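Notes for the one structure printed next.
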Amino acid sequence: MIFLDRISGKTVSELPKYIIPGQYCTQTKKVRYNHHTDLDIGDLILDDGTGYIKIGEQESYCNQVKMDEKIEADAELTILAIHSIVEQIGIEDYKVSPMLPMKLAEKVDLEEVECLLAKILEAGHLHSISDRPRLDLRYDDMVSPVERVRKLAAGALNHLASHSDCWQNRTLSGVLPRKILARFSEDDYAIYENRLYKRVLDLLEKHLIRRLSLLKSLNERLESALDFQKSELTHFELRHDICALWGEAFQTDVTDKQLNNGKETQRTIEKQLHQIRSLKQRGLYRLIPTAGFVPTQVHRTNVLSHDSHYRHLPILWDSLSNKNDENRVSPDERFKRQKLISKNYSIYVGLVIRRSLEKFILFDNNKTKFMWSGRKFIIRNKGYDWVISEDRNKDDLRFIPIAWFGTDQINSIEIDQYTLVCTPRACSSMSDRHLQVTPLDLYVVERIGAKIDQWLWMRLIKNIGIPLGPLPGPVRDLVKKWHEKFIEIPNSNTVRLINPLEVDQINEITALVQMFAGQTFADKMIEAIDTLRFLSKCNCGSSRTLLSTNKAHPQDFSFICESCSTVWSVKTHGFRRLFTLHPRLNDAEKISDHFLWCGRRWLEFEMAISTN
């Protein structure tokens with residue numbers, strides 16, 4: 001049996017003892033998983049809810065995620081949002097916003113069970129049951145001292161006759177008892193109807209806690225979006241782009257309205273939860289044993305059918321049971337759900353990638369190809385993964401979507417330089433190759449866009465200041481005249497291009513290169529010319545002004561845009577070179593987090609010095 005580690009790209013014949021769900025996929029046909037599902041080539045190894053994996057003779061375990069109420073709510077909201085967005089993609093192709101979808105606004109409305117509970121609480125039915133419950137009398141026979149006995153048990157005399165240890169004295173006329181078998185009566189609160197009452201309160205509390213966490217998470221995202229639109233601490237271009245994406249899903253007035261509705265629903269559920277917890281702290285609830293069992297199917301007794309208060313319990317029970325049935329699924333059904341989540345998450349990551357590339361030239365209807373710096377790139381979907389590649393270079397950029405809400409284990413895995421692992425949950429110490437991609441994040445397009453921009457720039461910068469040669473005679477004579485554009489490398493027939501050429505200069509040198517040089521040299525020269533020509537133009541469409549060059553380090557440059565003041569530079573520091581691209585440096589110096597201020601417009605990374 002062969003498995004592919006999607007993160008490392010390596011194949012293994014045996015799974016580790018503990019794995020991350022979605023990290024491995026099968027490379028063997030017809031593999032039986034946990035005795036209930038057949039896996040084919042490319043299918044993911046996921047968790048079916050048991051945490052246990054058995055494939056053939058191999059046994060492994062899934063890493064488990066410890067989630068509190070907030071993380072569970074975020075996970076549920078994320079999954080609902082992704083499913084909704086993917087449904088829209090099927091209808092509207094890839095013109096869908098990757099932000100929180102409008103459909104989730106339905107979650108701010110009270111559900112059926114909550115509307116029903118509001119009426120029952122207002123009428124006081126549950127409080128009446130708690131204060132004046134139905135009960136039964138339970139009779140117990142036990143041997144007790146005579147002074148405590150009020151009523152004899154049916155077999156008291158026979159028991160006394162056969163147990164001399166209960167005698168006080170024996171006389172000629174009979175026996176004077178010390179202890180005797182007596183019958184005691186006691187109020188029995190643990191009748192079926194009251195056990196049902198206790199179980200209903202438990203289920204209501206569990207449901208309301210989950211709903212309250214989900215509402216808080218949703219309201220928090222809506223509030224963050226409104227605050228972001230009014231924020232003056234972000235770059236205007238970033239604010240425009242994020243608000244445009246959010247506006248495709250929510251309009252400002254609709255967002256404000258939904259937030260108000262959500263807060264009102266949140267207050268209602270908080271009040272209901274407070275009342276349910278109050279009922280659990282007093283009255284009938286505390287008198288019923290915790291171990292009281294209630295079957296799933298309610299038995300409609302006379303009390304549950306005709307009592308003016310108790311008759312509401314079966315209605316609540318049925319409403320809650322319908323919701324709980326959705327979570328009571330078999331392992332094979334849970335595996336299918338996890339497979340659908342993984343598939344939709346992969347589609348969602350592909351959507352975010354496409355939306356992050358919209359500022360480039362997309363030249364096919366499916367938005368799978370784009371052009372940057374005169375080069376053509378292609379976006380491909382390989383199974384669950386996404387790959388951006390260029391024909392002339394083998395260093396593809398890979399995105400590995402893993403729909404898993406754990407993080408620590410991923411950080412411990414060694415990840416390739418051009419591989420990005422995408423998960424819907426972030427952690428406090430994420431590596432630069434572990435990326436949070438979720439519709440709950442306003443910066444989701446910016447995060448992926450920044451990684452793509454960095455990959456593209458790294459490829460381009462490799463061509464800056466590279467040696468060009470050996471030079472044909474006519475070409476060498478020409479570049480000597482342009483000493484401000486080229487510098488000669490001592491003791492060699494090579495030069496470095498350090499300044500962008502004018503259009504007439506490009507035409508002149510291109511004609512000579514094509515006439516007197518070989519194809520390899522011609523391609524290298526044209527690529528160097530195109531690279532600096534691309535650098536001389538800003539994304540806003542204006543020309544960049546070359547501020548400085550460094551003849552000691554030909555790959556060092558500094559440009560500034562004449563229109564938007566965006567600065568681009570490469571500077572040498574020891575054996576590394578630092579690349580920076582940012583807007584208005586004087587403003588940025590006041591900002592502690594450059595990414596939150598201007599998103600992908602601030603790029604900064606190091607690269608090794610070329611040995612060429």
Side-chain angles (χ1 to χ4, degrees), residues 235 237-238 241 353 356-362 370-379 387-399 416-420 432-433 435 445-466 496-500 527-550 553-561 564-573 576-585 588 594-595 598-610 612:
H235 192 268
E237 290 184 2
L238 172 69
D241 290 350
I353 292 172
S356 70
L357 294 172
E358 286 184 345
K359 71 174 188 176
F360 304 135
I361 300 176
L362 299 167
F370 68 96
M371 183 176 292
W372 186 81
S373 72
R375 305 180 180 195
K376 294 181 180 179
F377 297 85
I378 185 169
I379 311 165
V387 179
I388 300 179
S389 58
E390 180 193 12
D391 294 338
R392 69 178 75 180
N393 199 308
K394 295 182 180 179
D395 295 330
D396 298 340
L397 181 62
R398 294 195 308 139
F399 294 88
D416 180 77
Q417 179 183 2
Y418 299 113
T419 298
L420 294 170
D432 59 350
R433 297 186 184 97
L435 201 61
V445 172
E446 295 293 314
R447 294 189 195 280
I448 278 193
K451 294 297 183 181
I452 295 175
D453 291 348
Q454 178 177 332
W455 177 73
L456 292 170
W457 278 106
M458 288 182 71
R459 300 164 73 86
L460 184 69
I461 291 168
K462 292 178 182 179
N463 298 317
I464 299 176
I466 59 172
R496 298 182 193 270
L497 179 62
I498 62 171
N499 277 328
E527 189 171 6
I529 292 172
D530 289 343
T531 296
L532 281 185
R533 188 181 183 188
F534 175 78
L535 293 174
S536 65
K537 293 290 184 180
C538 184
N539 292 333
C540 69
S542 301
S543 297
R544 287 192 179 117
T545 300
L546 182 62
L547 294 180
S548 65
T549 59
N550 189 335
H553 299 289
Q555 291 174 313
D556 287 12
F557 290 88
S558 180
F559 285 92
I560 186 169
C561 178
C564 66
S565 300
T566 298
V567 176
W568 174 95
S569 66
V570 173
K571 296 181 181 179
T572 301
H573 296 277
R576 308 287 294 177
R577 284 198 170 91
L578 177 66
F579 170 83
T580 57
L581 174 67
H582 54 79
R584 295 198 179 112
L585 185 60
H594 296 138
F595 181 78
C598 62
R600 64 194 290 185
R601 290 152 195 81
W602 187 287
L603 274 181
E604 185 173 288
F605 57 87
E606 287 188 344
M607 53 200 158
I609 294 178
S610 175
N612 292 333

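Note that these values count all heavy atoms, side chains included, but never hydrogens, waters or copies made by symmetry. Being a predicted model, the structure only gives us computed values, none of them experimental.
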Spacing of C598 atom SG and D241 atom CG [to the nearest 0.5 Å]:
11.5 Å

Residues in side chain to side chain donor-acceptor pair (under 3.5 Å) contact with T419, at least two apart in sequence or another chain:
R398

Quick check, are the ring centers of W455 and F377 under 6.0 angstrom apart?
yes

Do E237 and R600 meet the salt-bridge criterion of a basic N to acidic O distance under 4.0 Å?
no

Below 4.5 Å, heavy atoms only, C-beta onward: do F579 and E606 meet side chain to side chain?
no

Passes side-chain contact (heavy atoms from CB on, under 4.5 Å), T566 versus H582? Steps please.
CA-CA 6 Å; T566 298; H582 54 79; over 6 Å; no

Contact check, side chains of F370 and I378, non-hydrogen atoms, under 4.5 Å
no

Quick one: does V570's side chain get under 4.5 Å of L578's, heavy atoms only?
no

As an exercise, state the distance from CG of L460 to OG1 of T531, rounded to the nearest 0.5 Å.
4.5 Å

Residues two or more places apart in sequence or in another chain: which of them pass side chain to side chain donor-acceptor pair (under 3.5 Å) with S373?
none

Restricting to non-hydrogen atoms, name the atom on D396 and the atom on V387 that form the minimum distance, rounded to 0.1 Å.
CB-CG1, 3.6 Å

Is it the case that the side chain of K451 and the backbone of R433 share a donor-acceptor pair, with hydrogens and angles ignored and the cut-off at 3.5 Å?
no

Please state whether the rings of H594 and W602 are parallel, tilted or perpendicular, taking 30° and 60° as the class boundaries.
parallel

Could you measure the distance from the CZ atom of F605 to the OG1 atom of T580? Nearest 0.5 Å is fine.
9.5 Å

Sorted by chain and residue number, the side chain to side chain donor-acceptor pair (under 3.5 Å) partners of Q454 (sequence neighbours excluded) come out as none

Which distance, rounded to the nearest 0.5 Å, do you find between the CH2 of W372 and the CD of E390?
10.0 Å

Looking at L397, I452, L357, which hits side-chain contact (heavy atoms from CB on, under 4.5 Å) with I379?
L357

Quick one: sort the W568 and W457 rings into parallel, tilted or perpendicular, breaks at 30° and 60°.
tilted

When D453 is tested against each of R459, R601, K359, R447 for salt bridge (charged side-chain N to carboxylate O under 4.0 Å, His left out), which residue passes?
K359

Heavy-atom pair with the smallest gap, counting every atom of L497 and A528
CD2-O, 3.7 Å

